[in-house]
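Only this structure's heavy atoms are used, side chains among them; waters, hydrogens and symmetry mates stay out. On a predicted model such as this, the values are computed, not experimentally measured, just so you know.
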Amino acid sequence: MEVGQLQARLIDLTSSLYSEGFLDEQFTQLQQLQDESNPDFVFEVASLFFDDSEKLLNNLGMALDEQVIDFKKVDANVHQLKGSSSSVGAQRVRNACIAFRNLCEEKDREGCLACLQQVKHEFSLVKSKLESLLDLEQQILAAGGLIPMME
């Protein structure tokens, strides 16, 4: 596929991620921090987000499986996940975390379990979509093109 087609696909994908609420302006700010001196900045930040989020989601699953749930511990993990998702612009994950934290305050075990599934689902979606976006960027660069910036 030629560079122009790859760039058009990237623009379409990025637009859909914003319009569907997967990403917000924080992701744009991350992209603006990437330059020739740090060409893999967004990839590195996204990779850290993926790794940290998966650990936090595992911790949350284990904490909610306990006989007696430590809701403060659960809330601390959800708070950390909310912060991580906010820092990369993963808006739908962040929003699901906000609902999750409210359920932690209410000490609602069943609500927390349901919300954990929702957070996992949103994380899985945004991870897949971001990986596709980052892969497209790599294809463009490998073909000698430039990454088009969104307005």
Value rounded to 0.5 Å, distance of [atom1] in [X] from [atom2] in [Y]:
X: Glu25; Y: Gln31; atom1: CD; atom2: CD; answer: 12.5 Å
X: Cys97; Y: Gln80; atom1: SG; atom2: CD; answer: 10.5 Å
X: Leu103; Y: Ile98; atom1: CG; atom2: CD1; answer: 12.5 Å
X: Phe71; Y: Asp108; atom1: CZ; atom2: CG; answer: 7.0 Å
X: Lys55; Y: Asp51; atom1: NZ; atom2: CG; answer: 6.0 Å
X: Leu125; Y: Glu20; atom1: CG; atom2: CD; answer: 9.5 Å

- Task: For Ser19, check side chain to side chain donor-acceptor pair (under 3.5 Å) against everything at least two apart and list the hits.
- Result: none

- Applying side chain to side chain donor-acceptor pair (under 3.5 Å), name anything that partners Asn77, two or more places apart in sequence or on another chain. none

Can you name the nearest heavy-atom pair linking [X] to [Y], along with the distance?
X: Val88; Y: Leu23; value: O-CD2, 4.4 Å
X: Leu81; Y: Ser53; value: CD1-OG, 3.4 Å
X: Ser86; Y: Arg94; value: OG-CD, 2.9 Å
X: Phe123; Y: Phe50; value: CZ-O, 3.7 Å
X: Gln34; Y: Asp40; value: OE1-C, 3.8 Å
X: Ala96; Y: Cys115; value: O-SG, 3.7 Å

Any side-chain heavy atom of [X] within less than 4.5 Å of one from [Y]?
X: Asp75; Y: Phe100; result: no
X: Arg92; Y: Val126; result: no
X: Glu2; Y: Leu6; result: no
X: Thr28; Y: Tyr18; result: yes
X: Leu136; Y: Thr14; result: no
X: Val93; Y: Phe22; result: no

Closer than 3.5 angstrom, by distance alone: can the side chain of [X] be matched with the main-chain N or O of [Y] as a donor-acceptor pair?
X: Arg101; Y: Lys82; value: no
X: Ser128; Y: Ser124; value: no
X: Ser87; Y: Ser84; value: yes
X: Glu44; Y: Phe41; value: no
X: Ser16; Y: Leu13; value: yes
X: Gln7; Y: Ile140; value: no

- Item | CA sep, side-chain torsions, deciding dist, call: Leu64, Arg109, side chain to side chain contact (heavy atoms under 4.5 Å, CB included) | CA-CA 7 Å; Leu64 290 171; Arg109 179 188 203 119; 5.5 Å; no

- Message: Looking at Phe43, I'd like to know if its CZ atom is crowded, meaning that more than 12 non-hydrogen atoms belonging to other residues, nucleotides or ligands lie closer than 6.0 Å.
- Response: no

- Query: Would Phe27 and Leu130 count as a side chain to side chain contact (heavy atoms under 4.5 Å, CB included) if you check the C-alpha gap in whole Å, the side-chain angles of each, and the deciding distance to 0.1 Å?
  - Reply: CA-CA 10 Å; Phe27 187 75; Leu130 271 176; 3.6 Å; yes

- Message: Testing the 3.5 Å rule here: is there a donor-acceptor pair between the side chains of Gln139 and Asp135?
- Response: yes

- Query: With no hydrogens and no angle check, do the side chains of Glu122 and Gln118 hold a donor and an acceptor under 3.5 Å apart?
  - Reply: yes

- Task: Please name all residues satisfying side-chain contact (heavy atoms from CB on, under 4.5 Å) with Ala63, sequence neighbours left out, ordered by chain then number.
- Result: Val74

- Query: Under a single-linkage definition using a 4.5 Å side-chain heavy-atom cutoff for Ile, Leu, Val, Met, Phe, Trp and Tyr, are Val42 and Leu33 assigned to the same hydrophobic cluster?
  - Reply: yes

- Item | Residues Lys127, Glu54: salt bridge by 4.0 Å N-O rule | yes

